[in-house]
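Below is one structure, written out as structure tokens; comments come after it.
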Amino acid sequence: MSPDFKDLTNAVRFLSIDAVQKAKSGHPGMPMGMADVATVLFKYYLRFSPKNPSWINRDRFVLSAGHGSMLLYSLLYLTGYKSISIKDIQNFRQLNSICAGHPEYEKNTGIETTTGPLGQGLSNAVGMAIAEEIMKKKFGSSVINHKTYVIASDGDFMEGISHEVMSLAGHLKLKNLIVFFDNNKISIDGSTNLSVSDNYKKRFESYGWSFQEVNGHNEKQIFNAIKKSLNSKKPNLISCKTIIGYGSPNKSGKASSHGAPLGEEEVELVRKKLKWNHKPFEIPKEIIKEWRKIGEKGVGYEKKWNNIFNKKSSKMKEEISRIINNKLPNNFNKIIEDQKKKLFEEKSSIASRQSSANVLETITKSLPELIGGSADLSGSNNTKTKHSVIIKPSNFTGNYIHYGVREHGMAGIMNGMALHGGIIPYGGTFLIFLDYCKPSLRLSALMGLKVIYIFSHDSIGLGEDGPTHQPIEHLAHLRAIPNLNVFRPADTIETLECWEIALKSSTNPSVIALSRQKIPFVTETLTNKNMSALGGYELKKTNSNPEITLIASGSEVEIAIDALNKLKQNNINSKVVSMPCQELFDKQPREYREKVIEKNSKKISIEASSIFGWEKYVDSDGTSLGLKSFGKSAPYKSIYENFNLTSDSVVMIAKKILGK
Ligand SMILES: Cc1ncc(C[n+]2csc(CCOP(=O)(O)OP(=O)(O)O)c2C)c(N)n1
């Protein structure tokens with residue numbers, strides 16, 4: 001007898017619970033509860049290709065309830081992805097196993113993204129759905145026409161980010177987004193009645209979503225709901241009433257099945273109840289065969305798509321291949337080179353946020369994959385240029401997204417666009433509001449995504465808006481995140497260079513911190529070399545044996561140069577090091593670093609920010625100028641004076657250190 005629907009779903013359930021049991025850790029309840037929904041999706045609807053997990057027009061599948069990762073691994077193994085073997089499943093949650101607890105993202109494996117921090121997957125999926133619409137508009141619906149499916153749990157919808165992104169998805173009418181809500185009414189602390197009384201139907205409908213509710217264990221109902229959603233004009237929420245830990249006599253419907261192995265005895269009871277007479281990790285051949293048949297359908301989907309794609313113009317094919325493979329256009333270096341020359345001739349003293357806008361103005365036309373936006377601060381972040389075209393509901397011709405006041409959503413959506421491929425997202429807000437989007441920014445770094453964060457108003461230099469708006473600890477915080485470049489450029493040339501590096505960094509995100517206030521042009525010599533790529537470099541010195549090295553970033557390079565001139569008048573030789581990116585400087589060879597930060601000199605660092613972290617450059621007999629408290633509300637020059645961030649203070653400190 002050929003395997004039936006129950007056999008298919010039970011294969012998913014038992015692989016999941018046996019892996020969790022073997023690892024003695026993990027979350028069996030969700031895979032047991034959602035096995036039916038996932039099986040209907042993979043069996044009847046999902047267009048995917050295990051033989052080519054990166055096929056550009058595949059449907060995306062996001063497991064926002066990432067704790068249920070065994071559900072995904074089981075599905076990938078069963079449908080025939082080479083990336084997941086039965087051994088990998090047996091190694092669930094072990095060192096270096098691809099089957100990690102919360103796998104986030106693994107390129108070319110079928111693991112699109114599953115999020116540990118609840119709510120993130122929803123935001124990624126919204127980003128993927130936007131990316132799909134943008135690319136469809138660009139290349140035509142015969143080439144890009146996929147869906148984005150998500151499984152999300154109670155916890156996902158409790159998180160604030162879910163509100164931000166679902167609201168924007170409704171506004172943009174992302175009809176190709178289909179979210180399955182694992183509505184099992186259980187979270188870790190027990191019943192969701194403890195903390196939620198939302199009327200979900202009203203909630204989702206008020207966002208402009210279509211809402212359906214099904215019994216999440218009824219194949220037909222699930223099938224029909226997905227079918228209906230395929231023709232929807234709105235984003236789709238399918239609330240699936242499920243039983244967590246389905247099949248477990250003593251733990252189903254209870255929080256106890258959520259996040260711990262069921263226990264050997266209970267697993268045996270589940271085997272009896274679901275009539276699964278197979279040993280752990282043993283899936284009968286006929287059932288595997290049936291699952292593999294589902295995976296093999298992908299060859300046909302892809303073949304059909306290739307036939308269409310191959311008939312497209314070579315220009316289009318090359319362009320798609322370029323942006324999918326993260327390659328910049330051939331003329332990109334020339335554009336940067338020419339602009340650098342121009343900037344050097346102009347020597348403009350402008351706010352670095354304005355310099356950033358100028359960079360965007362220069363590159364946007366040649367980089368159609370660059371999709372910008374801001375969380376309602378476009379005019380302040382200078383992220384919108386004359387080449388920006390607004391993306392509107394049901395019209396994705398543009399290259400600029402008004403995210404609204406949704407910093408967290410913006411960052412999660414940018415991750416989703418980067419994960420989708422074919423898009424380089426950049427988005428702006430004030431540096432202070434890093435606090436409102438940091439969880440997603442951390443995931444950009446963890447997943448190694450090319451996402452560019454434009455954080456303007458980067459210090460007390462923003463002035464009168466005062467301490468609530470003045471970032472203090474934020475740069476230190478960002479610099480503590482692995483795999484992230486934090487740039488703070490000092491003038492128009494450095495801003496161009498930092499943008500160039502960010503655009504050429506394929507496996508890490510970048511933050512470009514920008515000043516609100518005007519800053520002078522400080523570059524001394526014109527070179528085609530990207531000096532900011534060294535992280536820090538010698539900008540100016542008064543002789544070859546400086547007694548003092550002044551290390552500064554961004555707007556404080558001006559103070560350092562002023563101090564150098566004043567020190568000279570006091571017969572003290574010094575040098576100024578501009579440090580636009582500590583992460584890149586720290587990667588330079590020791591000889592270079594010791595040459596730039598003169599080993600035998602006394603060091604003073606200057607940054608209008610927390611001094612935390614600068615101690616690595618100034619020895620115990622050096623000093624870091626910065627802030628140890630929150631800022632002040634006043635015109636910016638008086639705030640700088642209030643905190644002794646002036647060239648006179650630098651001179652005084654230098655003299656003191658040198659005993660002069
Ligand atoms: C941002 C965030 N906070 C907390 C957690 C820890 N956590 C993991 S699952 C979960 C809630 C589980 O409830 P639900 O989302 O309904 O999943 P289910 O029990 O249905 O599997 C929590 C609080 C997390 N992963 N992310």
Side-chain angles (χ1 to χ4, degrees), residues 12-13 16-17 19-20 23 25-38 62-74 92-93 100-105 113-125 150-166 179-198 200 203 214-217 237-248 251-262 407-409 411-412 415 435-444 446-447:
V12 174
R13 285 195 176 96
S16 301
I17 60 177
V20 171
S25 125
H27 302 76
M30 186 279 209
M32 294 168 86
M34 284 301 277
D36 299 311
V37 173
V62 175
L63 194 67
S64 194
H67 56 275
S69 56
M70 261 321 302
L71 176 79
L72 177 66
Y73 301 139
S74 303
F92 177 51
R93 288 186 162 235
H102 299 95
E104 304 298 345
Y105 160 65
T113 182
T114 82
T115 52
L118 289 163
Q120 295 295 332
L122 273 173
S123 67
N124 301 155
V150 192
I151 287 182
S153 62
D154 292 293
D156 283 301
F157 294 112
M158 289 183 206
E159 290 292 351
I161 191 172
S162 71
H163 165 69
E164 296 185 19
V165 300
M166 292 184 55
V179 179
F180 301 100
F181 172 13
D182 178 16
N183 192 349
N184 61 25
K185 293 199 175 304
I186 290 290
S187 67
I188 292 180
D189 281 359
S191 162
T192 54
N193 288 340
L194 291 168
S195 52
V196 187
S197 320
D198 296 357
Y200 284 114
R203 180 181 169 197
V214 298
N215 172 348
H217 302 296
L237 194 291
I238 304 177
S239 164
C240 307
K241 296 245 175 198
T242 60
I243 299 167
I244 191 168
Y246 180 94
S248 165
K251 298 195 172 178
S252 65
K254 295 184 187 153
S256 55
S257 72
H258 160 85
L262 298 176
E407 297 82 5
H408 199 179
N415 283 344
D435 295 340
Y436 271 46
C437 63
K438 190 252 168 185
S440 303
L441 185 150
R442 182 175 189 273
L443 289 175
S444 314
L446 184 81
M447 293 194 268

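In what follows, every heavy atom counts, from backbone to side chain, and hydrogens, waters and symmetry copies are set aside. Just so you know, ligand 1 is whichever comes first in the structure, and atom 1 is the first atom listed for that ligand.
D36 pairs by the salt bridge (charged side-chain N to carboxylate O under 4.0 Å, His left out) definition with R13, not counting sequence neighbours.
Looking from atom 22 (C) of ligand 1 to the surrounding protein, the closest heavy atom is I188 CD1, 3.4 Å. For atom 21 (O) of ligand 1, the closest heavy atom belonging to the protein is H67 NE2, 2.7 Å. Nearest protein neighbour of atom 16 (O) of ligand 1, counting heavy atoms only, is I186 O, 2.8 Å. For atom 19 (O) of ligand 1, the closest heavy atom belonging to the protein is H258 ND1, 2.8 Å. In this structure, the protein non-hydrogen atom closest to atom 15 (O) of ligand 1 is S153 OG, 2.6 Å.
Geometrically, ligand 1 and D156 share no nitrogen or oxygen pair separated by less than 3.5 Å. Backbone and side-chain nitrogen or oxygen atoms of S187 are examined, and none is located within less than 3.5 angstrom of a nitrogen or oxygen of ligand 1.
Ligand-side atoms of ligand 1 in range of D154: 15 (O), 16 (O), range being under 4.0 angstrom from any heavy atom. The N184 neighbourhood of ligand 1 comprises atoms 18 (P), 20 (O), with distances under 4.0 Å to a heavy atom of that residue. Near G116, meaning under 4.0 Å from one of its heavy atoms, ligand 1 places the atoms 24 (C), 25 (N), 26 (N). Here is the list of ligand 1 atoms found below 4.0 Å of a heavy atom in M30: 21 (O). In the vicinity of E159, heavy-atom distances shorter than 4.0 Å reach the ligand 1 atoms 1 (C), 2 (C), 3 (N). If you number the atoms of ligand 1 from 1 as listed, the ones under 4.0 Å from a heavy atom of G155 come out as 14 (P), 15 (O), 16 (O).
Between F92 and Y73, the angle of the ring planes goes over 60°, which puts this pair in the perpendicular group of the 30/60° scheme.
Summarising the contacts of atom 10 (C) of ligand 1 with L118, T242, I244, V196, the nearest heavy atom is found in L118.
Between H258 and H27, a ring centre-to-centre spacing shorter than 6.0 Å is recorded.
Using a 4.0 Å cutoff on heavy atoms, P117 counts as a contact of ligand 1.
Heavy-atom minimum distance, H408 versus I161: CD2-CD1, 3.4 Å.
Atom CD of E407 is separated from atom SG of C437 by 7.0 Å, given to the nearest 0.5 angstrom. If you take CE on M166 and CG on D156, they are separated by 10.0 Å, rounding to the nearest 0.5 Å. In this structure, OG in S64 is found 7.0 Å from CG in L118, a value given to the nearest 0.5 Å.
For atom 2 (C) of ligand 1, a protein heavy-atom neighbour is present inside the 4.0 Å cut-off.
Within 6.0 Å of OH in Y105 there are more than 12 heavy atoms belonging to other residues, nucleotides or ligands.
In this structure, S187 and M158 have side chains that are in contact, with non-hydrogen atoms separated by less than 4.5 Å.
H217 places a side-chain N or O within donor-acceptor distance of the main-chain N or O of I243, the cut-off being under 3.5 Å.
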